[in-house]
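Below is one structure, written out as structure tokens; the observations come after it.
What you see is a predicted model, and the numbers here were worked out from it, not measured in a lab. Proteins come first, then strands; the chains are lettered A, B, ... in the order of their sequence lines, and each starts at number 1.
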Number of protein chains: 2
Amino acid sequence: MILKSQVEWALHCCAILAGLPEGRYLSTKALAELHGLPKEYLSKALQSLSQAALVDTTLGPSGGYRLARSSSEINFLDIVEAVEGKARSFTCTNIRENNPCRPAGYCDSKPCAVARIMWEADEAWRDTLRRVRLSDLVGILSEEVRPDLWQSTFEWVLKRAG
Amino acid sequence: MILKSQVEWALHCCAILAGLPEGRYLSTKALAELHGLPKEYLSKALQSLSQAALVDTTLGPSGGYRLARSSSEINFLDIVEAVEGKARSFTCTNIRENNPCRPAGYCDSKPCAVARIMWEADEAWRDTLRRVRLSDLVGILSEEVRPDLWQSTFEWVLKRAG
DNA sequence: GGAATTAAGGATATAGAATATCCGCAAAAC
DNA sequence: GTTTTGCGGATATTCTATATCCTTAATTCC
Ligand code: SF4
Ligand code: SF4
């Protein structure tokens, strides 16, 4: 059970977009260069964010991406689910139906305990991600990243933001 | 991010093993028939349980598997990790190292905030699974499964337990 | 208006993981 | 000694993640 690397990419890109001045856009090309990622493939992750309405886009030179809402109104789960999908990690294949002792026509009223417990754990994972806002991440990064690196990155981004 | 179906298989098999009388064993063949699963592949899941020391095995006719500990001393996480591995679901590829603004020789003191938050969610998932004991599952199932099915399954298993 | 740049989406190729089967070995039962 | 069993290795198949390429339409700038 491993998350796609696109999840990491999307989270980092959103953190960068959160630092953009009002109304500016940043292109896939810039985001790919900044993170050292394949531009074409990163583009797929950004398209996922776009489809989830987390970011706004615009075309043409000086086009690119910006957050669709304030960074305090976007949480980790929004981003992770946009890329990874909303499906639960445990999928029930209903193997209890294969029990040879099962009476013909027997119909289970509800999902069995195994599935419910696994889904509960899944929900705990989602809850944790839901509680962390993108703005929280930016706050932590701004404290932890070395100030000179933080500032030079910021300048690098602004130079390329349309 | 989807768990292997072997996780479901292992959980169901453990629930069955928990109902075995003291000292009896149940074979892969019986477990595969009971759940309608491919015997050879289910065997791999059971081998994982064995390697994790969750079950004891014995060879020969009347051989098979039994729990290595009481069902109240085995939790869901034990079983899930035995099959799925203990690796975290979020793997950090350290893309921040590709930042072109990064000073040469800069070395990060600790994993960045993105990774820590994702790992925190992972830990919440594990915590939930850790809190549920195998005996809890058996308790729920014994209440929810129709009594006649529960009993006939029990008899079916006993007939094949060595 | 025309050239350049961009996001979007479809098609396709590659790598790796999950799923599944088969075989040979050693231990245990009879 | 024969059968049954768990175990591990080897292999095949299917599916997903990863990655690239190409076309289209919108936008900017000249
Ligand atoms: S997880 Fe529950 S519902 Fe799904 S197959 Fe197993 S017993 Fe049935
Ligand atoms: S998750 Fe954190 S440590 Fe990992 S690459 Fe991203 S910034 Fe770096």
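Atoms CZ and CD, on A:R88 and A:E123 in that order, are 8.5 Å from each other to the nearest 0.5 Å. Atom CG of A:L67 is separated from atom CD1 of A:I16 by 11.0 Å, given to the nearest 0.5 angstrom.
The distance from atom CG of A:L42 to atom P of C:dT6 is 14 Å, rounded to the nearest whole Å. The CD-C1' distance, from A:Q47 to C:dA8, rounds to 5 Å in whole Å.
No side-chain donor from either of B:Q6 and B:S48 sits under 3.5 Å from a side-chain acceptor of the other. Between the side chains of A:E155 and A:Q151, at least one donor N or O sits under 3.5 Å from an acceptor N or O.
As judged by a 4.0 angstrom heavy-atom cut-off over every strand, B:T28 is placed among residues touching the sugar-phosphate backbone only. In this structure, A:Y25 reaches neither bases nor backbone, as no heavy-atom distance under 4.0 Å exists between it and the strands shown.
OP1 or OP2 of C:dT5 has not a single side-chain nitrogen or oxygen of A:S27 nearer than 4.0 Å.
Applying the salt bridge (charged side-chain N to carboxylate O under 4.0 Å, His left out) rule to B:K29 yields the partners B:E33; only residues at least two apart in sequence or on another chain are considered.
For residues 14-59 of chain A, the pairs satisfying ring-ring contact (aromatic ring centres under 6.0 Å, His included) are A:W9-A:Y41, A:H12-A:H35, with sequence neighbours left out.
For the pair A:R160 and A:W156, the cation sits on the ring face: its NZ or CZ lies under 6.0 Å from the ring centre, inside 45° of the axis.
Under the 4.5 Å side-chain criterion, counting only non-hydrogen atoms from C-beta, A:D56 is not in contact with A:Y65. For the pair B:S89 and B:W119, the minimum side-chain heavy-atom distance is 4.5 Å or more.
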Next on the checklist: Show, in sequence, the C-alpha distance, side-chain angles and deciding distance for A:E97 and A:N94, and conclude whether the side chain to side chain donor-acceptor pair (under 3.5 Å) test is met.
Outcome noted: CA-CA 6 Å; A:E97 287 187 357; A:N94 236 356; 3.1 Å; yes
Item to check | Protein-to-nucleotide contact annotation, 5' to 3' order, nucleotides 24-30 of chain C [B base; S sugar-phosphate only; - none; under 4.0 Å, heavy atom] | outcome: ---BBS-
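Cluster partners of B:L158, by chain and number: B:F154. The rule joins Ile, Leu, Val, Met, Phe, Trp and Tyr whenever side-chain heavy atoms lie under 4.5 Å apart.
Bounding nucleotides for the chain B contact on DNA chain D, 5' to 3', at a heavy-atom distance below 4.0 Å, are D:dT3 to D:dG9.
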Nucleotides 13-20 of chain C: which of its N/O atoms have a protein N/O under 3.5 Å away?
from	atom 1	to	atom 2	distance (Å)
C:dT19	OP1	B:S5	N	3.3
C:dT19	OP1	B:S5	OG	3.3

